[in-house]
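The structure appears below as structure tokens.
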Amino acid sequence: MNIAIPDSERIHGQSINGTDTATQTVFNAKPLSFRADFDRKSFLFDHNLADSPLFTLPRLADLAETLLKTGGSKSVRWQDGKAPVEAGWDVPLHKEVEHVHKAIANLQDSGSWVLLYSIQRDPEYKDLLDRIMSEVVELTGMSRADVSWLDAYLFMASPGSLTPYHIDHETTFLFQIHGDRTANLWDGSDRSILPVTEIENYYMGDMGAAIYKPENQRKAMTYDLRHGKGVHQPSLAPHWFKCGEDYSIALGVHFCLRKHDAEAKTHQVNRLLRGLGLAPAPLGVFPARDRIKSGLLALLSKRHPKTKFELLRSGVLRLTLPARLVRKVAKKLGGGA
């Protein structure tokens, strides 16, 4: 059910179906509530995307084919939806589904989940992403200059599918379009849930660094996501999802904030120092030292990164290149090369 909002609290813009209007927006929200919790803790919101023609299965199957043609195999990922929550991202392709078009067209029965990356390469979805971000800026009070990287993805899953437990660097708004899912999210600042070592390993490239601990399930914030509902995920908030009895379609809008990019670099330097047998102070204990650490990697990072990988890891990869070359040579010599 949508929340009735007084005109004084609405964000004005175009309707979802493209008709000019002064009232229809993507979000149904009060700006003050968004500003208080944005990127600090998870929260539910209402939206108006559930009936958009952009999210029918035939349209999404065509979108997947377009992304494969324009961006290659890294644009689309489809896997077995029955993997356990602790499986991480090391999940095999479902044996019964050989093609992504089949996985989407038969989503109710294919036992799969499908992830479409960077859907804004299609002009219609780019227009939608621009509209969403304009509203996010107005609702949260942040500046577009705070954003270093922006992307939109679509996640589709068969009934009962699980999204494994993991963390993301990005700050995210997730829109449930079809079906229902249970979202489990944790406070990423609670070190009993997400230890510093897991964060450091994640930023060094281990996407499965965050480890699910069953004893922490009681600490999760649980949200019932149905069409027309969405959830906000702060950066590094651990999460996993489970689909209900119908197939699920969800749109994710996620973006990197420059303040978190700097924090990531501090974590990377701390991980390198820890590997040398030192005991660096965790992020936030000595802000001046944090700035020196992140500034060092900023100097080594690509000035104009083309991917999130380059944004987060180009600096640390350049810093560690000599050591990696030595290990590579040593490995070859040790193997009789």
Side-chain angles (χ1 to χ4, degrees), residues 2 11 13-18 24-29 34 38 42-64 66-67 71 75-78 81 100 103-104 107 112-137 139-140 147 149-158 161 163 166 168 170-183 185 223-234 237 239-244 246-256 308:
N2 291 334
I11 298 176
Q14 281 192 324
S15 73
I16 304 308
N17 296 319
Q24 182 99 46
T25 61
V26 174
F27 290 95
N28 282 339
F34 265 57
F38 172 68
S42 58
F43 59 83
L44 279 176
F45 59 84
D46 293 275
H47 67 81
N48 294 312
L49 294 178
D51 298 322
S52 170
L54 292 176
F55 303 109
T56 63
L57 290 182
R59 178 68 178 94
L60 297 178
D62 290 342
L63 174 62
T66 299
L67 295 177
S75 301
V76 179
R77 182 174 184 170
W78 68 102
V100 66
I104 296 175
L107 198 58
S112 308
W113 58 255
V114 180
L115 190 55
L116 306 183
Y117 296 97
S118 300
I119 62 172
Q120 67 272 15
R121 282 176 287 167
D122 181 296
E124 287 188 296
Y125 297 94
K126 182 182 184 303
D127 289 344
L128 177 59
L129 176 59
D130 289 341
R131 292 193 50 218
I132 290 172
M133 285 306 297
S134 293
E135 293 188 24
V136 167
V137 167
L139 282 166
T140 64
V147 177
W149 184 85
L150 171 65
D151 194 30
Y153 66 91
L154 275 162
F155 188 87
M156 294 161 275
S158 298
S161 296
T163 305
H166 67 286
D168 297 307
E170 302 93 324
T171 298
T172 302
F173 285 95
L174 185 70
F175 303 78
Q176 190 68 23
I177 306 296
H178 182 275
D180 59 277
R181 288 199 294 171
T182 300
L185 288 101
Y223 300 99
D224 292 325
L225 296 180
R226 303 180 185 280
H227 68 281
K229 293 286 185 180
V231 67
H232 171 59
Q233 299 169 200
H239 53 279
W240 70 274
F241 294 83
K242 183 176 181 179
C243 293
D246 199 355
Y247 67 85
S248 172
I249 299 174
L251 167 68
V253 171
H254 58 178
F255 44 90
C256 301
K308 186 183 71 170

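- To the nearest 0.5 Å, atoms CG (Leu251) and CZ (Phe155) are separated by 13.0 Å.
- The minimum heavy-atom distance linking Met156 with Leu60 is given by the pair SD-CD1, 3.5 Å.
- When all heavy atoms are compared, the tightest approach of Ala64 to Leu116 is CB-CD2, 3.7 Å.
- Listed for the Arg59 side chain is no donor-acceptor partner under 3.5 Å among the backbone atoms of Thr56.
- Each of His239, His254, Lys308 was scored for a side chain to side chain donor-acceptor pair (under 3.5 Å) with Asp168, with one residue passing: His239.
- Between Phe27 and Phe34, the two ring planes are perpendicular [angle over 60°; tilted spans 30° to 60°].
- Atoms CG and CD1, on Leu54 and Ile177 in that order, are 9.5 Å from each other to the nearest 0.5 Å.
- Paired with His232 under the rule ring pair (Phe, Tyr, Trp, His ring centres under 6.0 Å), one option of Tyr223, Phe38, Phe175 passes, and it is Phe38.
- Closest heavy-atom contact between Leu185 and Gln233: CD2-CG, 3.2 Å.
- Under a 3.5 Å cut-off, the side chain of Gln176 and the backbone N or O of His178 do form a donor-acceptor pair.
- No donor-acceptor distance shorter than 3.5 angstrom exists from the side chain of His47 to the backbone of Leu174, with no hydrogens or angles considered.
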Could you please spell out the steps behind the side-chain contact (heavy atoms from CB on, under 4.5 Å) verdict for Val26 and Phe45?
CA-CA 11 Å; Val26 174; Phe45 59 84; over 6 Å; no
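- Closest non-hydrogen pair, Ala183 versus Leu225, comes out as CB-CD1, 4.0 Å.
- Distance check, rounded to the nearest 0.5 Å: CG of Leu150 to CG of Leu129 gives 4.5 Å.
- Residues Gly228 and Ala50 come closest through the heavy atom pair N-CB, 3.9 Å.
- Between the CZ atom of Arg181 and the SG atom of Cys243 there is a distance of 5.5 Å, given to the nearest 0.5 Å.
- Rounding to the nearest 0.5 angstrom, the gap separating the CG atom in Leu49 from the CD1 atom in Ile249 is 12.0 Å.
- Not a single donor-acceptor pair under 3.5 Å links the side chain of Tyr117 to the backbone N or O of Asp151.
- At distances below 3.5 Å, at least one donor-acceptor pair connects side-chain atoms of Ser158 with backbone N or O atoms of Leu107.
- Put simply, the side chain of Leu115 does not reach to within 4.5 Å of the side chain of Val76, judged on heavy atoms.
- Side-chain contact check for Asp180 versus Asp224: every heavy-atom pair is 4.5 Å or farther apart.
- Note: Lys229 NZ to Leu44 CG = 6.0 Å, rounded to the nearest 0.5 Å.
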Intermediate values then yes/no, salt bridge (charged side-chain N to carboxylate O under 4.0 Å, His left out), Lys126 and Asp130:
CA-CA 6 Å; Lys126 182 182 184 303; Asp130 289 341; 3.1 Å; yes
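- Of all the heavy atoms in Thr25 and Arg131, the pair that sits closest is CA-NH2, 4.2 Å.
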